[in-house]
Structures are given as structure tokens and as C-alpha cells.
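To keep things clear, I will list the structure first and then write my remarks on it.
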Amino acid sequence: MTTVQTMCRICECACGLEVAVADNRVTRIRPDQQHPYNWRDFCVKGASAHKLVADPRRIRVPMRRDGTRYVAASYAEAIEDIAVRLRRIVDEHGADAVAGYLGNPPAFGFPAPVFFYGLLDAIGTRSRYSAASVDTNAWHLVNDAMFGDAWLPVFVDLDACDCLLLIGSNPAVSGMMWMGDMPDGWRRALAAQAAGAEIVIVDPRRTESARRAAQHLAPVPGEDWALLAGMLKVIFDHGWVDSAECDAARGVGDLRALLGEMSLDDLAGRCGVPVGRIADVARRFARAPAAGAIARTGVAQAQDGVLAMWLTQVLNLVTGRYGRPGGAYTNLPPHDLLQGMLGSNTRASRVRGLDPVLGHYSLAELPGEITTPGAGQVRALLLLGGNPVVTGPQGASLDAALAQLDLCVSVDLFQRESHRHAHWLIPAMHWLEREEFPVIGAALRSRPFVQYARRAVQAPPGVRDEWEFFFAVAMLMDRTMYGVRWGELAAARETLRACLDGTRAFDLLPEDLLRGALAQKGVLDWERLRSSVRGYDYAEQALHHPRARVRTADGRIDACPPRFAALLRERVGVPSATVGRYPLQLISRRRTDMMNSHLSEYADTRARNRGAIAEINDHDAGSLGIVSGDRVRVESRVAAVEAEAKVSADVRPGVVVMEQGWGGRTFDPHGRIEPSAHGINCNELVANDDLSPLAAVPRLNGTPVRIEKPGRA
Ligand SMILES: Nc1nc2c(c(=O)[nH]1)N[C@H]1C(S)=C(S)[C@@H](COP(=O)(O)OP(=O)(O)OC[C@H]3O[C@@H](n4cnc5c(=O)[nH]c(N)nc54)[C@H](O)[C@@H]3O)O[C@H]1N2
Ligand SMILES: Nc1nc2c(c(=O)[nH]1)N[C@H]1C(S)=C(S)[C@@H](COP(=O)(O)OP(=O)(O)OC[C@H]3O[C@@H](n4cnc5c(=O)[nH]c(N)nc54)[C@H](O)[C@@H]3O)O[C@H]1N2
Ligand code: SF4
Ligand SMILES: [Mo]
């Protein structure tokens with residue numbers, strides 16, 4: 001029996017763990033209370049992570065589709081077959097015929113996503129998709145436009161903050177993080193509130209977090225921009241601004257003039273928050289000695305997420321909150337590796353002509369790119385750790401498209417709904433089996449802290465590191481990857497076999513690559529990183545003004561990027577459209593024991609109707625004749641699902657709330673265990689042709705729906 005200190009890699013909280021191991025099996029996972037960065041966020045997901053490792057449905061060897069079943073194969077067979085088929089597709093149809101989708105979990109690790117992109121680069125394809133288009137796109141766009149850095153996290157100095165404004169975030173369930181984590185953040189915010197500070201939560205549902213906050217505002221989904229514009233109007237009118245900050249930034253005057261054209265009454269009508277409430281919150285925020293505002297996925301996944309994310313940062317800027325104690329700040333990351341890591345393609349998409357965000361097209365576009373004939377039609381898809389049929393919009397249409405692919409390869413621990421049509425299932429290594437420096441997380445910490453994550457157990461015999469798979473495919477395709485090319489196909493095949501049999505080592509080690517890349521910035525000491533068990537602070541903690549890392553052309557923060565200003569002006573002129581057949585709006589909620597669609601098989605197995613509940617406001621329910629426990633039909637323009645009604649005063653009128661992540665099956669490719677599925681997939685209701693402007697995010701929050709008892713017209 002040994003105990004391994006490592007870090008959890010399920011979510012951004014990056015909790016320090018103590019993993020008890022006996023006979024290469026994890027027997028228990030506990031928070032590491034000595035951990036210098038975080039252990040207090042430790043949750044049931046981390047505590048039960050080892051269930052995945054030992055699950056009998058886990059993919060432990062490459063599995064090849066043979067008619068309706070799967071058969072085990074060797075890596076050499078898998079890599080050769082996949083490389084040959086990819087080469088044929090590229091030769092006949094061009095590189096863009098091969099697409100990649102990166103899901104969320106691999107982003108918490110290191111070599112797999114880097115080598116995944118290495119393979120996509122080696123192939124030369126621009127057809128890239130990721131979970132960012134259902135998550136972070138608006139964040140990237142706003143950062144890029146305002147700061148010239150698509151990866152600039154903004155944190156709040158929670159302990160000293162007098163007014164914390166949280167928009168579209170439920171940290172009591174999700175943790176205080178999203179593209180920047182604040183360890184133990186929710187408890188720290190509550191402690192500050194107990195000492196006299198004020199938490200203000202903006203959320204259409206009175207959430208677990210909103211219930212604890214001093215102030216809760218419940219706007220109409222997707223209309224937060226109007227609330228924020230109203231607050232800024234009040235703040236400018238009263239002169240509650242920091243003139244030095246306003247002068248230092250570009251465009252504050254333009255924005256002020258633009259807001260001057262709007263009426264507070266109209267804005268209040270748009271967001272459904274009375275003028276008096278808007279003015280009151282504006283005053284609380286602007287007059288507080290220290291304050292900070294943060295907007296998260298609640299708005300980023302809604303119609304005008306870009307506007308709301310932008311105006312939130314403007315609020316921090318004009319009230320002089322950046323870089324001040326108790327205010328909003330950024331970090332100085334230990335490396336610059338995120339810049340350009342995902343690709344630099346800017347070509348508009350083939351079918352819909354939409355601009356990519358950070359080189360990626362919207363997941364909502366993937367079905368059309370697979371089914372629409374023509375040059376560049378997607379014929380092969382490589383999926384790394386994603387379940388987009390469940391987590392993306394209108395899963396049925398993506399599922400139908402996936403069935404048409406000439407080649408679909410999934411690299412995952414399990415065969416999920418999205419991998420139903422896969423020709424190959426390639427095993428993934430669980431993070432408890434991986435040793436790595438999680439590069440993305442390291443750049444998004446609110447403290448200058450780094451940790452090299454240790455392996456707790458060895459992977460099952462035969463499961464190879466994912467990077468080796470991607471690398472080997474590139475080599476067999478006779479492509480160059482990270483400067484390596486293995487020349488003649490025949491020779492390469494032989495060498496490869498030796499590598500895969502374990503009789504020869506791959507020449508390229510991701511660690512060497514990383515070590516070299518990290519050395520360039522000169523902040524991290526590799527030996528120290530490798531040898532420190534629980535991680536360490538690589539610099540003094542400081543509350544940096546975003547100015548410290550702005551990369552805009554003139555070195556100033558842009559408070560009024562022209563594209564955003566144009567969109568704002570356009571929005572004001574167009575009334576929100578939630579009338580007619582679909583008068584309600586669907587939003588989703590997360591669960592403590594699930595991570596998006598994965599871990600659902602272990603979540604609350606005793607609960608009745610888990611994942612199939614639709615919460616609606618008591619007044620709406622009254623007028624529809626619905627009571628708690630009724631079967632109801634929730635219908636959108638693209639689909640209908642059935643659920644059990646839960647009538648609640650916590651939900652804003654006009655809003656329906658469902659849990660996300662349910663409804664997808666987990667299969668056993670060995671055919672021993674029946675596919676399991678629980679709940680229903682609320683994302684079926686989300687149209688894939690109704691995307692937010694600029695960010696191309698489907699309306700996961702704010703989908704127009706109707707609700708009724710089945711059998712009614
Ligand atoms: N337990 C658990 N933790 C998780 C996850 C999980 O699945 N389970 N997922 C992780 C991931 S991948 C992410 S990205 C983060 C996300 O974490 P956050 O970005 O902090 O978002 P959530 O906590 O999901 O809270 C979003 C809130 O927005 C509200 N909302 C919906 N529509 C609107 C709107 O139009 N306006 C406003 N103002 N609010 C709205 C919802 O009611 C919800 O309470 O959480 C992470 N943490
Ligand atoms: N309605 C609604 N939809 C949403 C959201 C919402 O709030 N509401 N949230 C969105 C957000 S924020 C996100 S991030 C996306 C997530 O979208 P996805 O990333 O597509 O979905 P996950 O459910 O996280 O799927 C993860 C897959 O990765 C596999 N996996 C887990 N660990 C590993 C690993 O270490 N290696 C590999 N190779 N595979 C692994 C799991 O088995 C699972 O099949 O969902 C989005 N969808
Ligand atoms: S899943 Fe839970 S234990 Fe793991 S990092 Fe996130 S909060 Fe911590
Ligand atoms: Mo996410």
C-alpha cells in the first residue's frame with residue numbers, strides 16, 4: 001500500500017490529491033490537505049475518479065468495427081489501417097477532408113492534445129472543431145479584441161473584494177473557475193461576505209449560489225448585455241468612473257456615446273430587470289471601495305455572450321478595478337505556449353461562411369460539413385475525448401452525419417453515444433495513469449503556481465500513451481511532425497512495429513519537446529518542476545493590471561472594439577424574439593457529481609427520473625395547468641423531449657431549466673454489458689443553425705421552447 005500525491009485533472013480547480021494504491025489499484029482518493037494551492041474544492045468527482053479506471057466497459061485495446069460488432073486489434077494494425085485510409089482520403093479529397101474534434105477532458109492533460117494537433121498539422125487540415133464553440137469562444141474573442149491576447153484570464157481578489165458581481169456562474173456547484181480558477185473561491189467569497197462584502201449574482205435561476213448571495217438579479221436569458229449596458233449608462237451619467245483608466249484605454253468615449261443613444265427604460269425592458277434595480281446594482285458596484293466583475297458560461301453560451309463578456313470587462317475597466325486590491329487582476333503565465341497552439345486558420349467555413357474562432361469552426365457546423373458534397377467535404381473525423389452528440393446542439397443531426405463518414409476514429413476511455421459509428425476505438429490513458437505538466441491549466445491560475453502531476457497507477461498492459469498513437473499515425477502517413485519524419489513507408493513500418501512491440505523506444509519524447517519550449521521563456525526551472533511533489537510558486541503573487549500583458553497593436557486596452565460596437569448598435573434596434581409558438585426559454589444546469597456528459601453513469605443512481613426533469617416557474621405552470629410530477633413535453637423548433645415537470649419559484653418566469661449531459665449511452669464494445677443510458681439529452685432541443693453572432697455558439701442558454709402536457713395540441 002502506497003500513497004501518491006498528485007493533482008486532479010477533471011476540472012480547473014486542480015485539487016491536490018492523496019491517492020492510496022495497492023497492487024497497482026487505486027483504493028481511495030482523498031484531498032491532500034497539505035497541498036499548497038488547493039484541496040478545499042475537492043468533490044465527489046475527484047473522489048470517485050478511479051471507478052472509470054476499473055470500469056469493465058473501458059476500452060483497453062484498439063477495437064475495430066466489424067459489421068455491427070467490435071473486435072480487438074493490435075496498435076500496429078490500428079495505426080496502419082488508419083494511416084492508409086487517411087492517406088487515401090487526403091490524396092483523393094485533400095487535407096481538409098480530415099477533421100478533428102477536441103473534447104474538454106484532454107485539455108486538462110498535456111501530451112495527448114498537443115500530439116493530436118501535431119497530427120492535424122502534419123496532415124495539413126483546417127477542419128478543426130472543439131468544445132470551445134459550446135463553451136469559451138466568446139471569452140477568446142473578447143480577450144483578443146480588448147487585450148490582444150485570446151488567453152488572458154481575469155480574476156477577482158476575492159478576500160479583499162467588497163462587491164463581487166458574478167454573471168452566469170454557479171460556483172457552489174461548478175467551482176469558482178472557468179478559464180481561470182480561484183482556489184476555494186466560493187468559500188472565500190462567502191467569508192468576505194460574512195465580513196461585510198456583498199456578492200451579487202445575475203442568473204435567471206435562483207441557484208445554490210444565488211441563494212447565498214446578498215443580491216440576486218434574474219434577467220431574461222441572453223439579455224445580460226442590456227443589464228450591463230444599463231449599469232454602464234448609470235455609471236457614466238453619475239461620473240463614477242476612474243478618469244485615468246478611461247483615458248489610458250482606447251474607445252471609452254465612443255462607448256459612452258453609443259450608450260448615450262440608448263434609453264435605460266428600453267434596456268430594462270430587454271433584460272427584464274427594473275430600472276431601479278439596475279441603478280441600484282450599478283451604484284453598489286461602482287461605489288464599493290473594492291469591486292470586481294466576472295462573467296462566465298451562463299452568458300458565453302447565450303445569444304449575445306460576446307456583448308455581455310465585453311461589457312463586464314468594461315465595467316471593471318472604467319470603474320478602475322484592474323490591478324487594485326480587492327479588484328480584478330490577471331496573472332503572468334509561466335509560458336506562452338497557448339499562443340497559436342490550436343492553429344492559425346482564418347478561412348471562413350466552407351458551407352456557412354462563418355469565421356473560425358482561434359482556428360476552429362463551430363461544432364454546430366460539423367453536420368453540414370460532413371453531409372454537404374463538394375471540395376473540402378469532411379470524410380474522416382478524429383475525436384479526442386469528446387461526446388459532441390450529447391454536449392453539442394441537435395445531437396440527432398450530428399449522429400446522422402457521423403454515420404456517413406468514411407472513417408471515424410475515437411480516442412477515449414469509453415465508447416459513448418458520439419462514438420457509435422466509429423470504425424476504430426483507440427484506448428485513452430486515464431489521468432491517474434499519466435505523468436504530465438498540464439500546460440493549459442498552468443497558464444490560467446490566479447496564483448503563479450505550477451505543479452507537475454504524478455502518475456498514481458500504471459495503465460492496463462497494452463494501453464499506450466495517446467501521443468504515441470497520433471505520432472505513429474503521422475509517421476506511417478509519411479508526414480513530418482515536430483520536425484521528425486521517418487522517410488520511406490516500408491522502413492517506417494518496420495521501425496514502428498518495433499516501437500509498438502516495445503522493443504524500440506520512440507525517438508521523440510513529449511517531455512523533451514516541452515522542456516525545450518518552456519526553457520524559451522526562462523521562468524520555469526525544469527528540474528524543480530519535475531522534482532517538486534506538490535508544486536510551487538514560480539513568482540511572487542501580484543495583482544497584475546491586464547495592461548501588463550496587453551498585446552494590442554497600440555499597446556492600449558480597447559474598450560470599444562468596432563465589431564462589438566456594431567453588434568451592440570444592431571441589437572438595440574432588433575427586439576428579442578421569444579414570442580409565438582415558443583414563448584419560453586430553455587437554460588441548463590450542472591450537477592456536482594457529473595462533468596458535462598461524462599461520469600453520468602455513476603451519478604446519483606438511485607434518484608427517480610434523473611436527468612429528465614424540466615423545472616418551470618410556478619406562474620407559468622399555473623397558466624399551463626402543470627403541477628410537479630406531471631409528464632410534460634418540451635418542444636423546440638428542431639425537436640421535442642418528454643420530462644417530468646418540477647414547479648419552482650426559483651426559476652424566472654418564461655424560463656425552463658433542464659440538467660445538461662444526460663441521455664447519451666455508454667456502450668461496451670466487448671458486447672458483454674448492455675448499453676446504459678439515463679435521462680434525456682436536452683441539447684436535442686438546441687438548433688444548430690441559430691448561432692450567436694461572431695462567436696458562433698449555439699444557443700445552449702435561451703433556446704426558444706414550449707412546454708405542454710402530452711396529448712394537447
Ligand atoms: N460539478 C460540475 N462542475 C463543473 C462542470 C460540471 O459539469 N459539473 N463543468 C465544468 C465546465 S466544463 C465549465 S465550462 C464550468 C462552467 O462554470 P461556470 O461558467 O461558472 O457556469 P455554471 O456554474 O454552469 O453556471 C452557469 C449559470 O448561468 C446561468 N444562466 C443560464 N443562462 C443565463 C443567461 O442568459 N444569463 C445569465 N446571467 N445566467 C445564465 C445558469 O442558470 C447557471 O446557473 O464548470 C465546470 N465545473
Ligand atoms: N446544454 C448544455 N450543453 C453544454 C454545456 C452546458 O452548460 N449546457 N456545457 C458545455 C461545456 S462548458 C463543455 S466544456 C462541453 C463538453 O463537451 P465534451 O468535451 O464533448 O463532453 P464531455 O462530456 O466532457 O465528454 C468527454 C469525453 O471525454 C472522455 N474522457 C474523459 N477523460 C478522458 C481522457 O483523459 N482522455 C480522453 N481521450 N478522453 C477522456 C469521456 O469518456 C467522454 O466520452 O459541453 C458543453 N455542452
Ligand atoms: S473534479 Fe472535484 S476534486 Fe477534481 S479538480 Fe475539480 S473540484 Fe477538485
Ligand atoms: Mo466547459
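Because the structure is a prediction, the values reported are computed rather than measured. Numbering of ligands and ligand atoms starts at 1, following listing order.
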Would you tell me whether Asn688 and Ser397 have side-chain atoms, one donor and one acceptor, within less than 3.5 Å of each other? yes

With a 4.0 Å cut-off on heavy atoms, does Met429 reach ligand 2? yes

Distance only, no hydrogens: is a donor on one side chain within 3.5 Å (strictly under) of an acceptor on the other, for Asn596 and Arg590? yes

What residues form a ring pair (Phe, Tyr, Trp, His ring centres under 6.0 Å) with Trp151, not counting sequence neighbours? His140

Check whether any N or O atom of His430, backbone or side chain, sits under 3.5 Å from an N or O atom of ligand 2, and answer yes or no. no

Sub-4.0 Å atoms of ligand 2 with respect to non-hydrogen atoms of Ala428: 36 (N), 37 (C), 38 (N)

Is the closest side-chain donor-acceptor distance between Gln415 and Tyr70 under 3.5 Å? yes

Looking at side-chain heavy atoms only, is the closest gap between Phe470 and Leu382 below 4.5 Å? no

Which of the numbered atoms in ligand 2 are below 4.0 angstrom from a heavy atom of Asn387? 18 (P), 20 (O), 21 (O), 25 (O)

Leu384 neighbourhood, listing ligand 2 atoms whose heavy-atom distance to it stays under 4.0 Å: 38 (N)

Which of the atoms of ligand 2 are close to Gly103, meaning less than 4.0 Å from one of its heavy atoms? 19 (O)

If we set the cut-off at 4.0 Å for heavy atoms, which region of Arg434 has an atom near ligand 2: side chain, backbone, both, or neither? side chain

For Glu417 and Asn387, test the side chains for any donor-to-acceptor distance below 3.5 angstrom and give the result as yes or no. no

Contact residues of ligand 1 with a heavy-atom cut-off of under 4.0 Å? Lys45, Asn104, Asp135, Ile167, Gly168, Ser169, Asn170, Val173, Ser174, Met177, Trp178, Val202, Asp203, Pro204, Thr207, Pro221, Gly222, Asp224, Arg296, Thr297, Gly298, Val299, Ile587, Arg590, Arg591, Thr592, Met594, Met595, Asn596, Asn701

Evaluate the side-chain proximity of Val686 to Gln394: yes if any heavy-atom separation is below 4.5 Å, no if none is. no

Distance filter under 4.0 Å to Arg416 heavy atoms, resulting ligand 2 atoms: 41 (C), 42 (O), 43 (C), 44 (O)

Counting from 1, what ligand 2 atoms have a heavy atom of Val411 closer than 4.0 Å? 38 (N)

With a cutoff of 4.0 Å, is Met658 in contact with ligand 2, counting heavy atoms of the residue only? no

Would you mind running through ligand 2 and noting each atom that sits below 4.0 Å from a heavy atom of Tyr101? 18 (P), 20 (O)

Donor-acceptor check, side chain of Glu466 to backbone of Met429, threshold 3.5 angstrom: yes or no? yes

Going by distance alone, is a donor N or O of one side chain under 3.5 Å from an acceptor N or O of the other, for Arg652 and Gln585? no

Considering only heavy atoms of Leu413, which atoms of ligand 2 have at least one such atom less than 4.0 Å away? 31 (C), 32 (N), 33 (C)

Give a yes-or-no answer on whether the side chains of Trp178 and Asp135 include a donor-acceptor pair shorter than 3.5 Å. yes

Rounded distance [0.5 Å steps], CG in Leu425 versus CD1 in Ile59: 4.5 Å

